[in-house]
There are 2 protein chains.
Amino acid sequence: MPQRRPRRTRRPVSIHDVADAAGVSPTTVSHVLSGRRPVNAATAARVRQAVNRMGYVPASLARSLQAGSTSVIGLLIPDITNGFYAELAKGVEDAAHHIGYSVILCNTEFDPAREDHYLDLIRGRFIDGMVYAAGTPPTEARLESLLGRFPIAVVDEDVTGLPQSLSAMADHYQGGRLAGEHLRQLGHRRAAVLTGPALLPSAAQRARGFREAFEGDVIQLEGTWLEQSGAELMLQCLDSDGFDRTAVFAANDQMALGALAVLHERGLAVPGDISLVGFDDIRVASLCAPPLTTVHQPAYDIGRTATAQLLQYVANGEEPPTSRHLLPVHLEVRASTGPAPA
Amino acid sequence: MPQRRPRRTRRPVSIHDVADAAGVSPTTVSHVLSGRRPVNAATAARVRQAVNRMGYVPASLARSLQAGSTSVIGLLIPDITNGFYAELAKGVEDAAHHIGYSVILCNTEFDPAREDHYLDLIRGRFIDGMVYAAGTPPTEARLESLLGRFPIAVVDEDVTGLPQSLSAMADHYQGGRLAGEHLRQLGHRRAAVLTGPALLPSAAQRARGFREAFEGDVIQLEGTWLEQSGAELMLQCLDSDGFDRTAVFAANDQMALGALAVLHERGLAVPGDISLVGFDDIRVASLCAPPLTTVHQPAYDIGRTATAQLLQYVANGEEPPTSRHLLPVHLEVRASTGPAPA
DNA sequence: TTGTATGCGTTATCAT
DNA sequence: ATGATAACGCATACAA
C-alpha cells in the first residue's frame with residue numbers, strides 16, 4: 001500500500017500529478033507529450049490543458065536515466081579566453097545545439113587535477129561524449145583508460161598509438177612549413193622557434209615543419225601556450241650572448257603577442273629588425289600593431305566537424321569508428337614579416 | 001536457440017553488480033563509497049576491491065535524480081568569442097568548479113529561439129541554476145516566468161521591475177560618465193554615440209551617463225553589440241550630410257573596433273581627426289592600433305561574484321534573496337583619444 | 001484507446 | 001553492522 005509522499009518542500013509538478021488532474025494514467029500523459037502512440041483527441045486535449053494549467057515540465061533527469069543518455073557532451077579546453085579555443089567552442093556548441101545536445105564547458109587552465117575532475121563526468125556517464133582539446137602534455141596517460149571505452153573526439157592534437165576513436169586537427173606540420181618557407185623566401189637564415197610543450201605532437205610538428213622548410217639556422221625554446229610564456233622566451237633570446245636572429249616563429253598567436261610586446265619594449269622594429277610569425281590566426285592577430293603574419297587554423301570548423309562526427313554515432317548509440325581528420329591551413333601574410341635586414 | 005547475452009548492449013557496471021560480486025547489499029556498497037555510516041573494515045575492503053576490479057563508477061544521473069539536484073548550472077551568453085563574455089565565462093567556471101559544480105555553455109548568438117531552448121534546461125530541472133547574461137532586448141518577457149521560480153543570477157544587465165533574485169553588473173552609468181568627462185576635458189564638443197540595443201538598460205545607461213557628463217552636442221545611433229554593427233554605424237555617420245563629430249563613444253569594444261576599421265579605411269586619423277572610446281577593455285583593446293581608450297569592466301569578477309552568490313544558496317537548497325551588486329569601472333586612457341582638432 | 005507493472009541506478013528510511 | 005524496501009520521475013513492454 002503506497003504511502004503518500006512526505007511533501008516537505010514545494011515539490012515540482014510530476015507526470016503523476018498531471019495524470020491525476022486529467023483523470024488519466026501517467027502513461028497517457030507521456031504519450032500525449034511524446035506523440036509516440038495515438039491518443040484520443042478529447043483525452044489529449046484534457047491532458048494538454050492540465051499540463052498548461054499546472055505548468056508541468058518533464059524532469060529531463062528522469063528521462064535521461066530511463067533513456068540511458070543525457071544529450072549532453074563535454075568540451076575540455078585549457079583556456080576559453082584564448083580566441084582559438086573560443087572559436088572552437090563556438091563550433092562545438094553550434095554542432096551540438098543543432099541536434100539538441102548541450103555542452104558542458106570544461107575549462108582546465110592547464111591544470112591536470114581539473115582535467116581529471118572533468119573526465120570523471122564521462123566516467124560517471126553524466127555526459128554522452130567528450131570533445132577533448134586539452135593542450136596539456138600527459139595527454140596519453142590521462143586518456144588511455146578512456147579511449148575506446150567512451151565516445152571521445154580528440155581535437156587539435158595528434159595523439160598516436162592509442163585506441164582513439166575520432167580526431168580532428170589542423171595540419172600542424174604543413175603550417176610550420178608555410179611559416180618556414182615564407183621566412184626563407186624573405187631571405188632569413190637565422191631564426192628562433194618559440195614552441196609549445198615539447199611532449200605535445202602538435203607543438204613538435206609545427207616546429208619540425210618549420211625547421212624542414214626553413215633550412216637555415218634554428219634555435220628552439222620550449223614554453224607553454226601562454227602569452228606570458230612567449231614574452232619570457234623572447235626575453236631569454238634577446239638576453240643570450242651573441243643573439244643574431246632575424247626571425248621568430250611562435251607556436252601560437254598568444255605567444256607571438258607576448259614576444260611582440262617584448263620586442264617593442266626593447267625598441268626593436270618589427271619587421272625591420274626582426275620578423276615575427278604566429279600560429280592560429282585569432283582575431284587579434286589582424287588587429288595588433290603590426291598586424292601579425294600567421295598560420296590560419298580553421299578553429300570553428302575543427303570544433304564543428306569533430307562534434308558532428310562524434311554525435312552522429314553517439315546519438316545512435318553506436319560506437320564511433322577510428323578516424324583522423326586533417327584540416328588544411330594557410331598562411332596569412334601581414335605586416336609583421338619582411339625581408340631579412342642586411 | 002540459446003541466448004548468448006541476455007543484455008542487448010554492454011551495460012555499465014552498477015552498484016548492484018558490485019554488491020553481488022562482493023557478497024553484500026547495494027546499501028553497503030553505497031555506504032562504503034560515501035562513508036556516511038560505519039562499515040566493517042573487512043567488508044569495506046572486499047567492496048573496494050570489487051569496485052576497482054570491475055571499474056565501477058556511480059551513475060551520477062541516478063544520484064542526481066535521487067538527490068534532486070544535478071550540480072550543474074547554465075551560463076547563458078550571446079557570444080563566447082567576445083572577449084568580455086569569455087572572461088565572464090572563466091569567472092563563472094572558476095566559481096562553479098570551486099565547489100564542484102559544472103557549467104553548461106548556453107551560447108545564443110543573440111537568437112531568441114536558442115535562448116528559449118536553453119532556458120528549458122532550467123524548467124526541466126536539468127540544471128540547478130542559471131547565470132543569465134543574454135544581451136538581448138526582450139530580456140524581461142523571456143525571464144518573467146522564470147525569475148522567482150528558479151535560481152537565476154542576472155548578470156551584466158540591470159533588469160528592473162522584476163522579481164529577480166540575484167544580479168551583478170558593472171556601473172554602466174558611471175562608465176558612460178567617465179568616457180564623457182574624458183572627451184569633454186580634451187576639448188571635444190560634438191560627439192557620436194554608437195549604442196547597443198536601446199531596450200537594454202545597460203546600453204541606455206552607458207549612453208545616458210555619457211551625455212550627462214559630456215554636456216555637448218551628441219548624436220546617437222543604435223546598433224547591436226557586434227563589430228559589424230559598429231562598422232555600419234560609423235559608416236552611416238561619416239556618410240551623413242555635414243558630419244562634424246570629433247569624438248565617438250562606442251557602447252562596447254567590439255563596436256569600437258568595427259568603427260576603428262572604418263575610420264582607417266576612410267583615411268581618418270585616430271585620434272588626430274576623431275577620438276574614439278570603447279567599453280569593456282577586452283584584451284585586444286590594448287593591442288590594437290592605436291590602443292583603445294576604453295572603460296574597464298571587471299568581467300571575470302562579475303562572473304565569479306554572481307556565480308558564487310548564486311551557488312551559495314543553490315547548494316544549500318535555499319532560495320536566493322534579491323540583491324544587486326554594482327561593480328566599479330574605471331577609464332583606461334590609451335592612444336585612441338586626444339585633444340579636439342582646431 | 002488506455003492502463004498496469006517494471007526498470008533505469010542510486011540513496012534514504014526503516015528494520016534487524 | 002548490514003539489509004530490504006521504497007522512493008526519485010519518467011518511459012516502455014505487456015495487458016486489456
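Here is the naming used below: chain letters follow the sequence lines, and residue numbers restart at 1 for every chain. Basis for what follows: all heavy atoms, side chains included, without hydrogens, waters or symmetry-related copies.
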Query - Heavy-atom donor-acceptor pair, T307(B) side chain to G303(B) backbone, under 3.5 Å - result: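 Here the side-chain-to-backbone pair exists.
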
Could you tell me how far apart [X] ([atom1]) and [N] ([atom2]) are, to the nearest whole angstrom?
X      : N       : atom1 : atom2 : value
L33(B) : dG9(C)  : CG    : P     : 16 Å
H16(B) : dG3(D)  : NE2   : P     : 11 Å
L61(A) : dC10(D) : CG    : P     : 10 Å
R46(B) : dG3(D)  : CZ    : C1'   : 14 Å
D20(B) : dG9(C)  : CG    : C1'   : 14 Å

Requested in this report: Could you tell me if the ring centre of F126(A) sits under 6.0 Å from that of F150(A)?
Outcome: no

Query raised in the report: For DNA chain C, whose closest nucleotide is more 5', that of S60(B) or that of R37(B)?
Result: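 Checking each residue's closest nucleotide, the 5'-ward one belongs to S60(B).
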
Tell me which nucleotide among [options] gets nearest to the side chain of [X].
X      : options                  : value
S25(B) : dA12(C), dT12(D), dG3(D) : dG3(D)
V39(B) : dG3(D), dG9(D), dT2(D)   : dT2(D)
R63(A) : dC14(D), dA7(D), dA11(D) : dA11(D)
L65(B) : dG9(C), dA12(C), dC8(C)  : dG9(C)
P38(A) : dT1(C), dG3(C), dG9(D)   : dT1(C)
S14(A) : dT2(D), dG3(D), dC10(D)  : dC10(D)
Y56(A) : dA5(C), dC14(C), dC10(D) : dC10(D)
Q66(A) : dG7(C), dA5(C), dT2(D)   : dG7(C)

Requested in this report: Give a yes or no on whether a donor-acceptor pair under 3.5 Å exists between the nucleobase atoms of dA4(D), that is its base, and the side chain of T27(B).
Outcome: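 By the distance-only test, yes, there is a pair.
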
Query raised in the report: Quick one: side chain to side chain donor-acceptor pair (under 3.5 Å) pairs with a partner in residues 53-80 of chain B, sequence neighbours left out?
Result: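 Output for this query lists T70(B)-D128(B), D79(B)-T81(B).
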
Query raised in the report: Which part of the nucleic acid, if any, lies within reach of H31(A) when heavy atoms closer than 4.0 Å are counted: base, sugar-phosphate only, or nothing?
Result: base

Query raised in the report: How would you label the contact of T28(B) with the nucleic acid (heavy atoms, under 4.0 Å): base, sugar-phosphate, or nothing?
Result: sugar-phosphate

Query raised in the report: For residues R36(B) and H31(B), is any side-chain donor paired with an opposing acceptor at under 3.5 Å?
Result: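 R36(B) vs H31(B): no donor-acceptor pair found between side chains.
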
**Report entry** Residues Y132(A) and E115(A): side-chain donor-acceptor under 3.5 angstrom
**Finding:** yes

Query raised in the report: When you check the phosphate oxygens OP1 and OP2 of dG9(C), does a side-chain N or O of R11(B) lie under 4.0 Å from one of them?
Result: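 Yes, within the criterion.
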
Query - T43(A) side-chain N/O to dT1(C) phosphate OP1/OP2 under 4.0 Å - result: no

